[in-house]
Student: 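Below you will find the structure I want to go over with you.
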Amino acid sequence: MVKSLSVRTILLVFSAMLLLPASCKKEDDTYQVNSELILPASAFKTKLKTDQQYVAILHANLFQQALSANELYDIAQCIESIGDKEVAREVVISNFMNKPGVQIPTDSAMHADIDKFIVETYERFLVREPSEAEITYFKNFILSDPNVTPELVYFSFALSNEYLFY
Amino acid sequence: MDRRKFLNNTAKIAAGTIIAPYILPSGRLFAQTGSQLAEHVVYVLFAGGVRQQESVLQRYLDDSQGLPYGGNIMYNTFSGAAPTQKIVYGTGAGGPNPIPAILSQTLEAQGTVFKEVSSSTAGHYGGLNALLQGNTANTQGLKSKPVYPTIFEYLRKHGGFPASKIWFVGNGIGNSVPLLNYSNYAGYGPQYGANFFAPTFTFGDDGVDYLSNAKVYHPEDQLSPMYQMKYFLDNSFKSVGNSLPLLNNTEEEKQEIKLFIKEMFDKTSAGTIDFPPVADNGDLQTIGYACELMKWFKPALTVVNMSNVDGCHSDFTGYLKNLHRADHGLGHIWDCIQSIPEMAGNTIMIAMPECGRNLEPNSIKDANQWYAYDHSDTNARRVFGVMVGPGVPVGLQLGSEQTPIGLTTDGVPTIAEILGGPALKNQVLGSGFLAPGSESWFDRV
């Protein structure tokens, strides 16, 4: 009897505590400022690039020159022939990286001014400036891992989801 | 609440918490394995509009050109004497040398033949959709994804098969073939789709130019940090636009696919792809790569598409040649399956055309002055089906022109039953997406 009473008491107290936050309502403190949904700049890239658009832009970003129409058509067909498009893009990028003429900063140039490298990479691939959080992340990542080269940074940008949209 | 009840409830909640992460997306706790009829299925979409008359009915020129020369030109598939005159379907100039049979015993003798199957459509894309989604939707357009879930999605979503175990090997990228690896149906879609290759493109001249020279990165030292940076970028990206159609291969599966691509370029360059003995058309080259794919991935489901026979629109002689070669390819696939230890004796192969061809010819004559055939009449809705493998009745023939048995939409529930047992078959049949009357072939026999 005593045991069941004590359990009931605990349950009552616990229920009362659950109701407490609902019982008082916080006053609206927006002070006549309209509430707006704030999204990052990248959120407005809503259109998915076609395979041809992707390849054309990728080639321009890596080689700083346009791809011929024939090559563009052929590479887009290669991508179409592979079901997993992520794999297809990865293979295309790694083929480009193996070709002469890729315009990538040297490792020492990257380390000489990491902030500048990050900003330029964002502008080159994602056509926007990075946020402070993004700069900090990449700066820490580059400094913490000696294996990270400009080529790998470029690879990750070319493979990112944001790069697939415009 | 007494102590016993409290402990009982706590134990139930703890058990639920532990089990919940292992429940499959379909709500099933475990993937179907115990009741499988076989662990592998090879489904051959054969081969671009095949007339009953020259295939299962073995009439050769007798029912098409008004020439009294019958005979069987599908040596590996059907039992029956070959034509003795007017041989044009073989190799050499004019095709006088038939390609010898690969199999010592025909597929007909080893399994079950559905001699008269009804195709729901006389068109290629509709026919391929019927074979893969078990339905021919009136709203299905060309150049658009299947409107109903495909067998690939049923297997991955409800059967729990990983992406790298479900493959579709296309014979090209034309005619919307690359679109067939998953549907647009809500709740299904790319995350349950099949992996796809069109090998004659991927590993052909363009592939050699643009895919074969991929830089090899170290998986831990280079690829790992690269992916970490990519994932950071992906997490920072909050698009309000379209979502990405991803097949959800795991990183390990993607790595396997990349290694396979590299291996294929090496083998192509070395001339060691497992092509059929004669590989002088796109279908046979596709089959060679499909065999390599089976050896590498040992897929649960491999779908192979062929279409060279469709040259019959303007070249009947070419049609006979390609039909003879499609049979040669089918024999090679079955032979290849027996050479893979994990698949031999554990694989069921199904072959069925997506549509037939007309009873009456069009007005086009080829070099032999033989008429060509399109596909648009009721004869074009007559096809055959062959099934062979463990558990398949041997030497059984079902149906005739007067009593057709089976639909082209039967392929979907049949594969579901083979790989997922009665539970998956019933789930697929009960989905409401299949054409009325569709059944597993095991129920029809």
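Throughout, protein chains are lettered first and strands after them, A, B, ... in sequence-line order, and every chain is numbered starting at 1.
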Student: Please rank B/Asn181, B/Leu247, B/Asn213 by heavy-atom pairs under 4.5 Å with chain A and give me the top one.
Tutor: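 Option with the top pair count is B/Asn213.
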Student: What part of B/Pro178 lies closer than 4.5 angstrom to a heavy atom of chain A: side chain, backbone, both or neither?
Tutor: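 The answer is the side chain of B/Pro178.
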Student: Side chain, backbone, both or neither: which part of A/Glu71 has a non-hydrogen atom closer than 4.5 Å to chain B?
Tutor: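 Its backbone and side chain both get close to chain B.
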Student: Does anything in residues 94-101 of chain A reach chain B? List residues with heavy atoms under 4.5 Å apart, or say none.
Tutor: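 Residues A/Ser94, A/Asn95, A/Met97, A/Asn98 are the ones that qualify, each having a heavy atom under 4.5 Å from chain B.
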Student: Quick one: what part of A/Tyr122 sits under 4.5 Å from any heavy atom of chain B, side chain, backbone, both or neither?
Tutor: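 For A/Tyr122, the contact with chain B is made by the side chain alone.
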Student: What closest approach, in Å, do A/Glu134 and B/Ser236 show between heavy atoms, and which atom pair accounts for it?
Tutor: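 Nearest heavy atoms, A/Glu134 then B/Ser236: OE2-CB, 3.7 Å.
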Student: Between chain B and each of A/Val92, A/Leu126, A/Asn147, count heavy-atom pairs under 4.5 Å; write down the option with the most.
Tutor: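 Greatest number of close heavy-atom pairs with chain B: A/Asn147.
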Student: If I measure from the heavy atoms of chain B, does A/Leu164 come under 4.5 Å with its side chain, its backbone, both, or neither?
Tutor: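 Just the side chain, heavy atoms under 4.5 Å.
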Student: Taking atom CG of A/Asn161 as the centre, does the number of heavy atoms from other residues, nucleotides or ligands within less than 6.0 Å exceed 12?
Tutor: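 Yes, the 6.0 Å shell around CG holds more than 12 heavy atoms from other groups.
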Student: Strictly less than 4.5 Å between heavy atoms, which residues of residues 79-87 of chain A line up against chain B? Please order them by number.
Tutor: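 So the qualifying residues are A/Glu80, A/Ser81, A/Ile82, A/Gly83, A/Asp84, A/Glu86, A/Val87.
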Student: Could you have a look at B/Leu246, B/Asn248, B/Asp234 and say which one has the most heavy-atom pairs with chain A under 4.5 angstrom?
Tutor: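 With the most close heavy-atom pairs to chain A, the winner is B/Asp234.
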Student: Between A/Phe138 and chain B, which part of the residue has a heavy atom less than 4.5 Å away: side chain, backbone, both or neither?
Tutor: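 The side chain, not the backbone.
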Student: Please determine whether the number of non-hydrogen atoms from other residues, nucleotides or ligands lying under 6.0 Å from atom CD of A/Gln103 exceeds 12.
Tutor: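 Enclosed: over 12 neighbouring heavy atoms sit under 6.0 Å from CD of A/Gln103.
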Student: In terms of heavy-atom pairs under 4.5 Å, which option from B/Val177, B/Asp221, B/Asn195 contacts chain A the most?
Tutor: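 Top option by heavy-atom pairs under 4.5 Å: B/Asp221.
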Student: What I'd like to find out is whether the side chain of B/Leu233 reaches to under 4.5 Å of the side chain of A/Tyr137, using heavy atoms alone.
Tutor: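 They are not in side-chain contact.
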Student: Just to be sure I understand the criterion: a residue of residues 199-210 of chain B counts if one of its heavy atoms is under 4.5 Å from a heavy atom of chain A. Which ones qualify?
Tutor: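 If one takes a 4.5 Å heavy-atom cut-off, the residues of residues 199-210 of chain B near chain A are B/Phe201, B/Thr202, B/Asp206, B/Gly207, B/Tyr210.
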Student: Hey, is OH on B/Tyr231 packed in by over 12 heavy atoms from elsewhere, all under 6.0 Å?
Tutor: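 Enclosed: over 12 neighbouring heavy atoms sit under 6.0 Å from OH of B/Tyr231.
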Student: Is A/Val91 close to chain B through its backbone or its side chain, or both, or neither, when contacts mean heavy atoms under 4.5 Å?
Tutor: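 Both parts, backbone and side chain.
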Student: Using side-chain heavy atoms (C-beta onward) and a distance below 4.5 Å, is A/Leu152 in contact with B/Gln222?
Tutor: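 In short, these two side chains touch, coming nearer than 4.5 Å.
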Student: Ring centres under 6.0 Å, that's the criterion: do B/Tyr217 and A/Phe155 meet it?
Tutor: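 Yes - the distance between ring centres of B/Tyr217 and A/Phe155 falls below the 6.0 Å cut-off.
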Student: Hey, does A/Ile93 have a side-chain heavy atom less than 4.5 Å from the side chain of B/Lys215?
Tutor: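 They are not in side-chain contact.
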Student: Which atoms of B/Tyr182 are under 4.5 Å from chain A, going by heavy atoms: the side chain, the backbone, both sets, or neither?
Tutor: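 Neither the backbone nor the side chain of B/Tyr182 comes within 4.5 Å of chain A.
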Student: How about residues 253-262 of chain B versus chain A: which residues have heavy atoms under 4.5 Å apart?
Tutor: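 Residues B/Lys254, B/Ile257, B/Lys258, B/Ile261 are the ones that qualify, each having a heavy atom under 4.5 Å from chain A.
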Student: Could you state the interatomic distance from CD (B/Gln228) to OG (A/Ser156), rounded to the nearest 0.5 Å?
Tutor: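 Between atom CD of B/Gln228 and atom OG of A/Ser156 there are 10.5 Å.
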Student: Given ring pair (Phe, Tyr, Trp, His ring centres under 6.0 Å), test A/Phe165 with B/Phe237 step by step and report yes or no.
Tutor: CA-CA 10 Å; A/Phe165 288 85; B/Phe237 179 54; 5.5 Å; yes
